[in-house]
Amino acid sequence: MVFDQDIMAAAQAVRRGELVGLPTETVYGLGANALDAEAVAKIFELKGRPRFDPLIVHIAEPTQLPSLVTRVPAAASALVERFWPGPLSVVLTKQDRVPDIVTAGLSSVAVRCPAHPVARQLIGAAGVPIAAPSANMFCAVSPTTAEHVAEQFGDRLRYILDGGPCRVGVESTVVSFVGRTPVLLRPGGVTFEEIEAVIGPLEKTEQPAGPAAAPGQLPRHYSPSTPLTLTSGDPPAGPARVGLLTLRRPAEESRFSSIEVLSNRGCLREAASKLFASLRRLDTQQLDLIIARPVPETGLGIAIMDRLRRAANQPEYRDPSS
Ligand code: TXA
Ligand code: MG
């Protein structure tokens, strides 16, 4: 529950150049005044995020987009009209007033108008756009509750607005319009199919394309500290404590020390909203290994599988007995 005073206090903190934890419908963000380079530098410091990874700039109203970018192509305009406020970020050529630190030196900026009312009230009250990555340490699992944010940063983050659990649960879809044709840089809360229905064929970038194209698409990301394997195969035999992350309840439960079911009715939207919280719970169980089951790659399943593949991209689990 958030009170108006809390939002006003956080908005003033933003204006003073401080950081705030804010709810959005995708994940919680770690926000700063996007037009204040020094304030934005604090985000990189607190997150331990490399400076080559650019941030998304959040606005309160779709009409604020032209104040940050040089031009809005027709296709971008069609998408924001359809999906804003919502889980979509568009990458466009930036105006000079957007500091280089926000965009990691790129000439483009990612902009999003979130749907969460608290985020929009905060940005509106601050009177400036807010640059915000997900409010987790670099490469760790994204936060979908205010508690996750508090656990992560403790008293290093004074202002955290609690807007309840995130409705969407995976980050925004990032679409770039800086090239000749629109390119999907990150699958997310708006599905590929939904985007193509508005603007036609969409190119997908393959895995990490290097700093110039999609710096945030790091191969290892969203990772729990417990080793995670993405497989429909059997858990390893032996004494290992194995956790299971699965869409539907499995037939054989006894082999797992802990099970997280994302959506027993197989709803990928529900699964996305529970994904990061479930991963976090498994990560606190002192498991030797988390086995994640693949989900169907349609709709939000594409974003879920993207996150699971990156979460799995870490030092491999080795059976200590072998
Ligand atoms: O849902 C979300 O997008 C959340 C909430 C807080 O809004 N934010 C988020 O931010 O996920 P972050 O920093 O974790 O991810 C930002 C993504 C990265 O993949 C980054 O590379 C990409 O956006 N990005 C940002 N600016 C870009 C640019 N100018 N060109 C290409 N990619 C960009
Ligand atoms: Mg992130």
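Order of listing sets the numbers, starting from 1, for every ligand and every atom in it.
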| said: Within the 4.0 Å heavy-atom shell around Val91, which atoms of ligand 1 are there? | reply: 28 (C), 29 (N), 30 (N)
| said: Using a 4.0 Å cut-off to any heavy atom of Asp53, which atoms of ligand 1 qualify? | reply: 20 (C), 21 (O)
| query | So, does Glu196 use its side chain to make a donor-acceptor pair with the main chain of Leu202 at under 3.5 Å? | reply | yes
| For Ala110, atoms of ligand 1 separated by under 4.0 Å from a heavy atom | 25 (C), 26 (N), 27 (C)
| query | Among side-chain atoms of Ser172 and Ser89, is any donor-acceptor pair under 3.5 angstrom? | reply | yes
| Flag for Gln64-Ser67: side-chain donor and acceptor within less than 3.5 Å | no
| said: Checking contacts here: is it the side chain or the backbone of Leu185 that comes within 4.0 Å of ligand 1, counting heavy atoms only? Could be both or neither. | reply: side chain
| said: Tell me whether Glu171 has any N or O atom under 3.5 angstrom from an N or O of ligand 1. | reply: no
| message | Does ligand 1 come near enough to Ser134 that some N or O of the ligand is less than 3.5 Å from an N or O of the residue? | response | yes
| task | Enumerate the atoms of ligand 1 whose separation from the nearest heavy atom of His58 is less than 4.0 angstrom. | result | 5 (C), 6 (C), 7 (O)
| said: Quick check on contacts: which atoms of ligand 1 are under 4.0 angstrom from a heavy atom of Leu106? | reply: 28 (C), 29 (N), 30 (N)
| request: Report yes if some N/O of Thr24 lies less than 3.5 Å from some N/O of ligand 1; otherwise report no. | output: no
| Test item: Thr231 and Ile291 side chains (from C-beta on) under 4.5 Å apart, heavy atoms | yes
| field | Side-chain donor/acceptor of Arg167 to backbone N/O of Thr24, under 3.5 Å | value | no
| request: Report the part of His116 in contact with ligand 1, treating N, CA, C, O as backbone and CB onward as side chain, heavy atoms under 4.0 Å; options are side chain, backbone, both, neither. | output: neither
| query | Purely on distance, is any nitrogen or oxygen of Arg49 under 3.5 Å from one on ligand 1? | reply | yes
| Checking side chain to side chain contact (heavy atoms under 4.5 Å, CB included) against Glu260, which of Ile290, Leu275, Leu282 comes through? | Leu282
| query | Judged by atom type as modelled, is there a donor-acceptor pair below 3.5 Å linking the side chain of Arg112 to the main-chain atoms of Gly86? | reply | yes
| request: Only heavy atoms count here, so choose which of Leu22, Val98, Ile56 is nearest to atom 23 (O) of ligand 1. | output: Ile56
| Out of Ala119, Gly29, Ser107, Ala132, whose heavy atom is nearest to atom 8 (N) of ligand 1? | Ala132
| task | For the Mg ion (ligand 2), decide whether Ser134 has an N, O or S atom at a distance under 2.8 Å. | result | yes
| message | Under the side chain to side chain contact (heavy atoms under 4.5 Å, CB included) test against Pro129, which residue among Val98, Leu35, Val102 passes? | response | Leu35
| query | Hey, does Ser172 come in under 3.5 Å of ligand 1, counting only N/O atoms on both sides? | reply | yes
| said: With salt bridge (charged side-chain N to carboxylate O under 4.0 Å, His left out) as the criterion, how do Glu252 and Arg255 come out once you've worked through the C-alpha distance, each side chain's angles and the decisive distance to 0.1 Å? | reply: CA-CA 7 Å; Glu252 233 242 86; Arg255 294 176 298 174; 3.3 Å; yes
| task | Answer yes or no: does an N/O atom from Thr103 fall short of 3.5 Å to an N/O atom of ligand 1? | result | no
| request: Give a yes or no on whether the backbone of Gly163 and the side-chain of His116 come within a donor-acceptor separation of less than 3.5 Å. | output: yes
| remark: Quick note on ligand 1: atoms under 4.0 Å from a heavy atom of Thr26 include exactly 1 (O), 2 (C), 4 (C), 5 (C)
| task | Using modelled atom types only, decide if a donor and an acceptor are shared between the side chain of Gln285 and the backbone of Arg281 within a distance under 3.5 Å. | result | yes
| message | When you measure from the heavy atoms of Ser176 to every atom of ligand 1, does any distance fall below 4.0 Å? | response | no
